[in-house]
Amino acid sequence: SAASDVYKRQDVFQPLLAIAGELVKDEALKAALVELVKENAGPLGGLAAAFVKQILDKLPDIIAVTEDVQIGIDLISAK
């Protein structure tokens, strides 16, 4: 199935996740991402940006101890 194919490709996702962890260590990039969220999240932009900043701050540490990456997609037919 398509879902099992995604899980079999962990050898691809793990290095990509490591790269993402390195990217968010860049303070200028992190600030730009937070600002982008703030500008595009409507009236709750400030709140959303605060959450995103916290996630980005912790992401490198989380990725460093991540041993298993599972990504799946659910497809739901339109009615």
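All values derive from a computational prediction rather than experimental measurement.
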Q. Using links of under 4.5 Å between side-chain heavy atoms of ILVMFWY residues, direct or through other members, which residues join I76 in one cluster?
A. none
(Q) I'd like to check the salt bridge (charged side-chain N to carboxylate O under 4.0 Å, His left out) partners of D57; sequence neighbours left out, ordered by chain and number. (A)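 Here the qualifying residues are K30, K53.
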Q | salt bridge (Lys or Arg N to Asp or Glu O under 4.0 Å) contacts touching residues 34-50 (sequence neighbours left out) | A |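 Of all non-adjacent pairs touching residues 34-50, none passes salt bridge (Lys or Arg N to Asp or Glu O under 4.0 Å).
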Among residues at least two apart in sequence or on other chains, which ones pass side chain to side chain contact (heavy atoms under 4.5 Å, CB included) with [X]?
| X | answer |
| --- | --- |
| L29 | L23, D26, L33 |
| A48 | V37, A41 |
| I62 | K58, T66 |

Q: Compare every heavy atom of Q14 with every heavy atom of E67, then report the nearest pair and how far apart it is.
A: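 For E67 versus Q14, the nearest heavy atoms are O-OE1, 3.9 Å.
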Q. Of the non-hydrogen atoms in A20 and I63, which two are nearest, and what is the gap between them?
A.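 Residues A20 and I63, closest heavy atoms: C-CD1, 4.4 Å.
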